[in-house]
Amino acid sequence: MAEPTRLGRYQIESVLGKGAMGVVYLARDPVIGRRVALKTLSIPADAEEAEEFRQRFLREAQAAGLLTHPGIVTVFDAGVDDSTGLSFIAMEFVEGRSLREFLRSGQVFAFSEVARIGAALAVALDYAHGKGVVHRDIKPANILLTPQGTAKITDFGVARLESSNLTATGQFIGTPNYMSPEQVAGGVVDGRSDLFSLGVVLFELLTGQRPFPGHSLTEVAYKIVHEPARIPSQVRPGLPSAFNPIVLKLLEKDPARRYARGADIGRALEALRRVLAGVTGDAGSFSPSTPPPASREPRPESVLPTATRATVASGVPAAAEAGRAGGDPTPDLWHRPIAPRWIAMLLAAAAAPPALLVAVLAARVDRGPYGGPAPGEVARRHRLAAAQRRAALAVAAGDPAQALAVLPEVFEQAPYSAVARALRAQALAEQSNQASVAQRAREAAALREEGKALLKAGRWRAAEDRFQRALALGGDDGTTRDFLDLAREHQLVHRPQPAQAATAAPVPAAARPEAAGNAALDLYFNSPLSDGVVTVAVDGQVIAEKRFDFRTRGFFGIIKKKGSGVIEDSFKVKAGEHAVVVRLADGSGKLLGEQTLPASFQGGARYALKIEMDGEQSVPRFSLTAVRGR
């Protein structure tokens, strides 16, 4: 029979494929210029069978025509060609190949790609089930992949509408290898049957094998109904074990133990895809297409979920107890004789339930055989532990760059590792700290060089300011503190004095009050302490007690923060031989240091009494030196 050149208003361009039920043509709609796929129906010779095929064919158009979703092939039109008598459906033409072609060609999909395809298919099925359509024949041949990677479900040839009585209980329709147990048994199916078939497809995409292999359809059907599915990660070594709970839940025998909706599967697979692909962010943000609100009209009883059904018997008649019409008075209960057999019966009744419970629990104990680790799993875990150890050693050695270079190897194998995440946080913190310390060191070095230049120029106070700022930035390397002390000593030595002639005569004693037997004693202490007291005594007589508190108000003015500062003061002492005693105590009164310094003061001379400390915990050093004489 020659191929037709036109069906209805559609112009046929070529043959896309042939099947047992008909031919699929590539055609063009001359009205809008759109290319479509025309699916025709080959009518059997038997009249009753022909009518059933025709109704099923039209039901495919009716079912698919209800669905408008990116993951489902769209149906545009349906009709009968007057010239040939062929029934046809005009549907969306999808450029691409089916999953069956990819699998037969040996195509291996990345794990994240399998998760993406599975999530898209689950969302499309969720939409169809929300419209009341159950596909009943989900398999690789009915799943198309476009060149852009979009997965689309096609061929609703055995689809079941909730309002249809076709393909009802007892009919064996679908592809046996991908059928659910309730389909094999000829029972009532709902959307969870499609989810079981989706689980078989995912198992095959992940492992290259089917979960229920067999040499005949009878063996396959028996395994689908009675035997548990194989664990995917044991079939294919190296498969991420995170796929196991998702696939095995889809392949549960009892529909009530499977996922209730395809949207739940979509969320789980999308979350797994994000982890496998290294995408950050909250996987809970994945939102599948929400199906339109279901009709408020009551659905037929046959389309409700068929997980379990139970009937509860009620109305047990109560037995009426006849009263005694007379007789002897009832004897005392506590004085009645007890037969030994009743004691034995009571003990047996009390011991029977625990014994039965123990027996049931013992029977449910899994005694193996247990599958060992997959080949290479032990070596992989050793490599993972070694990489974590190298990262930890690098962090401990202060080399965060090396740790961050090693950790990606760990995250590739164990993305949820708490140890790896903690090491990464420590490495990033250490890297940031090192950068901050280096920046502060550079700024301190620049301030120190600027202070040295100012010191050479004779600008002592400006130089002192630069050295103090360098110390505040953490540049306390000893050299900066020495320069700071030098700048302060220069300020003490080079204080402005009255101008004198080069060959001036000696100044009369009345014009020089300090020459009358007094010397000047200057106290200087650059204190790292927040608070404390400095006591100066000459020959046992206290001449100064300097209390200081450099703390600042903190939160709400209650808590005081630590601080530091400079203590400077000047005293007059009589000329002559003296013993100067200097004491330093902290804010609590604890003595930090004390020293007696012998001194020979000359009238009109100036002396510097210095207290030096490198830090709060260091021991104070005391010194007394002559600064300038008259």
Check: Just wondering, more than 12 heavy atoms not from Q107 lying within 6.0 Å of its CD?
Finding: yes
Item checked: Contact check, side chains of Y127 and I153, non-hydrogen atoms, under 4.5 Å -> no
Next item on the list: Find the distance between CZ (R35) and CG (D29) and round it off to the nearest 0.5 Å.
Entry: 13.0 Å
Checklist line | salt bridge (charged side-chain N to carboxylate O under 4.0 Å, His left out) against R424, all qualifying residues, sequence neighbours excluded | finding: none
Next item on the list: Dump the intermediate steps for side chain to side chain contact (heavy atoms under 4.5 Å, CB included) on V220 and I224, then the final yes or no.
Entry: CA-CA 6 Å; V220 171; I224 290 175; 3.8 Å; yes
Notebook entry, point to check: After noting the C-alpha distance and the side-chain angles of Q434 and E430, does the key distance pass the side-chain hydrogen bond (donor to acceptor under 3.5 Å, both in side chains) rule?
Noted result: CA-CA 6 Å; Q434 289 183 3; E430 179 63 22; 3.1 Å; yes
Notebook entry, point to check: Is the count of non-hydrogen atoms from other residues, nucleotides or ligands lying under 6.0 Å from R236 atom CZ greater than 12?
Noted result: yes
Note to self: Looking at K249 and R257, would you say the former's side chain and the latter's main chain have a donor-acceptor pair under 3.5 Å?
What the structure shows: no
Next item on the list: Return the orientation label for the F88 and Y10 ring planes: parallel under 30°, perpendicular over 60°, tilted otherwise.
Entry: perpendicular
Checklist line | Value rounded to 0.5 Å, distance of CG in L202 from CG in L121 | finding: 7.5 Å
Margin query: Can you give me the closest heavy-atom contact between V275 and P415, atom names plus distance?
Written below: CG1-CG, 3.5 Å
Item checked: Reported CG-to-NZ distance for the pair L7 and K39, which is rounded to 0.5 angstrom -> 14.5 Å
Next item on the list: Using a 4.5 Å cut-off on heavy atoms from C-beta on, say whether the side chain of R381 contacts that of V378.
Entry: no
Margin query: Checking the side chain of S193 only, and the main-chain atoms of D190 only, is there a donor and an acceptor separated by less than 3.5 Å?
Written below: no
Margin query: Minimum heavy-atom separation for R192 and E182, please, with both atom names.
Written below: C-OE2, 4.5 Å
Margin query: When you compare the side chain of H129 with that of R261, does any pair of heavy atoms fall below 4.5 Å?
Written below: no
Notebook entry, point to check: Of the options V201, L205, V108, which is the one that meets L103 in a side-chain contact (heavy atoms from CB on, under 4.5 Å)?
Noted result: L205
Next item on the list: Please determine if E377 and R380 form a salt bridge, counting it only when a charged side-chain N lies under 4.0 Å from a carboxylate O.
Entry: yes
Notebook entry, point to check: With a 4.5 Å heavy-atom cut-off, do Y178 and R210 have their side chains touching?
Noted result: yes
Item checked: Heavy-atom pair with the smallest gap, counting every atom of A391 and L423 -> CB-CD1, 4.1 Å
Check: With distance as the sole test, does Q183 use its side chain to make a donor-acceptor pair with the main-chain N or O of R136 at under 3.5 Å?
Finding: yes
Checklist line | From Q426 atom CD to R421 atom CZ, the distance as rounded to the nearest 0.5 Å | finding: 15.0 Å
Note to self: Please give me the minimum heavy-atom distance between H135 and D155, naming the atom from each residue.
What the structure shows: NE2-O, 2.9 Å
Notebook entry, point to check: Quick one: does F111's side chain get under 4.5 Å of L239's, heavy atoms only?
Noted result: yes
Note to self: More than 12 heavy atoms of other residues, nucleotides or ligands under 6.0 Å from CG of L393: yes or no?
What the structure shows: yes
Notebook entry, point to check: Quick one: does Y25's side chain get under 4.5 Å of L16's, heavy atoms only?
Noted result: no
Note to self: Using modelled atom types and a 3.5 Å cut-off, is there a donor and acceptor pairing between side-chain atoms of K253 and backbone atoms of E227?
What the structure shows: yes
Notebook entry, point to check: Going by an N to O cut-off under 4.0 Å, is there a salt bridge joining K139 and E204?
Noted result: no
Next item on the list: Output, in order, the C-alpha distance, side-chain angles, deciding distance and verdict of side chain to side chain contact (heavy atoms under 4.5 Å, CB included) for F196 and L250.
Entry: CA-CA 5 Å; F196 182 94; L250 287 171; over 6 Å; no
Next item on the list: Give, for atom CZ of R97 and atom CG of L144, the distance between the pair rounded to the nearest 0.5 Å.
Entry: 11.5 Å
Check: Where do Y222 and V184 land on the side chain to side chain contact (heavy atoms under 4.5 Å, CB included) test, with the steps shown first?
Finding: CA-CA 9 Å; Y222 179 84; V184 173; over 6 Å; no
Note to self: According to salt bridge (charged side-chain N to carboxylate O under 4.0 Å, His left out), who are the partners of R230, at least two apart in sequence or on a separate chain?
What the structure shows: none
Check: Is E113 paired with R116 through a side-chain N to carboxylate O contact shorter than 4.0 Å?
Finding: yes
Next item on the list: Search all heavy atoms of A151 against all heavy atoms of I117 and return the closest pair with its distance.
Entry: CB-CG2, 4.1 Å
Check: At their closest point, which heavy atom of A403 faces which heavy atom of A394, and how far apart are they?
Finding: N-CB, 3.6 Å
Item checked: Heavy-atom check, side chain of F243 versus side chain of L276, under 4.5 Å -> yes
Next item on the list: Taking atom NE2 of H215 as the centre, report whether more than 12 heavy atoms of other residues, nucleotides or ligands fall under 6.0 Å from it.
Entry: no
Notebook entry, point to check: How many angstroms lie between CE in M91 and OG1 in T74, if you round to the nearest 0.5 Å?
Noted result: 10.0 Å
Check: Passes side chain to side chain contact (heavy atoms under 4.5 Å, CB included), V94 versus T154? Steps please.
Finding: CA-CA 10 Å; V94 179; T154 186; over 6 Å; no
Margin query: When you compare the side chain of P4 with that of D81, does any pair of heavy atoms fall below 4.5 Å?
Written below: no
